[in-house]
Amino acid sequence: MGKSEVRVDKWLWATRVFKTRSIATDACKKGRVTISGMNVKPSHGVKIGDVINVRKPPITYSYEVIGLTENRVGAKLVPEYLKNITSKEQYDLLELTRISGFIDRQKGLGRPTKKEGRDLARFSDYVFMGYDDFDDDFDDDDDETDD
């Protein structure tokens with residue numbers, strides 16, 4: 001901890017905010033990492049006391065820097081380098097998104113549910129087994145009008 005500044009992408013990777021350094025770098029380039037409300041480049045220096053906001057949709061995590069490191073640390077050592085100060089509202093939003101994701105799944109996204117699969121199977125059996133009554137109805141109506 002002899003340095004007074006560390007690159008933000010290295011710090012985010014070292015403290016396990018991101019799985020790889022390249023993901024941390026991409027997040028900085030895409031404007032998802034801010035310090036004091038300003039977007040930062042991957043090479044921006046981080047100092048002790050800085051508050052880093054990381055936007056991982058649907059929420060924005062906030063971390064206070066309490067230690068500097070360039071080397072990846074074990075999960076048990078992470079609290080020595082950062083303090084998670086993310087607001088409760090952000091976690092509530094995350095929980096709401098998780099719950100609504102199962103209830104309000106948009107049609108056409110991902111695999112069909114079991115119910116949708118059964119309905120599709122019933123429909124295809126009905127049509128392909130010759131049970132389509134549409135032709136019979138129209139033929140009966142046509143015969144009556146021709147007489």
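By convention here, the first residue in the shown sequence is residue 1.
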Same apolar cluster (I L V M F W Y, side chains within < 4.5 Å links), V46/V51 =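 No; tracing contacts between hydrophobic side chains, which count when under 4.5 Å, never links both residues.
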
Under a 4.5 Å side-chain heavy-atom rule over Ile, Leu, Val, Met, Phe, Trp and Tyr, are I85 and L12 clustered together?
->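 I85 does not cluster with L12.
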
Roughly how far, to the nearest 0.5 Å, is [atom2] of [Y] from [atom1] of [X]?
X	Y	atom1	atom2	value
R72	K19	CZ	NZ	9.0 Å
S62	R55	OG	CZ	12.5 Å
N39	R32	CG	CZ	11.5 Å
I66	L82	CD1	CG	6.5 Å

Locate the shortest heavy-atom distance separating [X] from [Y]; write the atom from each residue and the value.
X	Y	value
D50	K47	OD2-N, 2.9 Å
T60	T86	O-CG2, 3.6 Å
V6	E70	CG1-CG, 3.5 Å
Y81	L68	CE2-O, 3.6 Å
W13	R21	CD1-N, 3.3 Å
W11	G67	NE1-O, 3.0 Å

Are any of the side-chain heavy atoms of [X] and [Y] separated by less than 4.5 Å?
X	Y	result
V33	I52	yes
T34	V40	no
V54	Y63	yes

Taking it one step at a time, do K56 and Y61 satisfy side-chain contact (heavy atoms from CB on, under 4.5 Å)?
-> CA-CA 7 Å; K56 290 183 178 181; Y61 295 94; 3.9 Å; yes

Exercise: do T25 and D9 side chains pair donor with acceptor under 3.5 Å |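 Distance-only check passes for T25 and D9.
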
Do N71 and T69 have side-chain atoms, one donor and one acceptor, less than 3.5 Å apart?
->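 Per modelled atom types, N71 and T69 side chains form no pair under 3.5 Å.
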
Hey, are D26 and K30 close enough for a salt bridge, meaning a charged N less than 4.0 Å from a carboxylate O?
->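 The answer is no: the pair does not qualify as a salt bridge.
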
Between the main-chain N or O of V73 and the side-chain N or O of R16, is there a donor-acceptor pair closer than 3.5 Å?
->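 Side chain of R16 to backbone of V73, a donor-acceptor pair under 3.5 Å: yes, one is there.
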
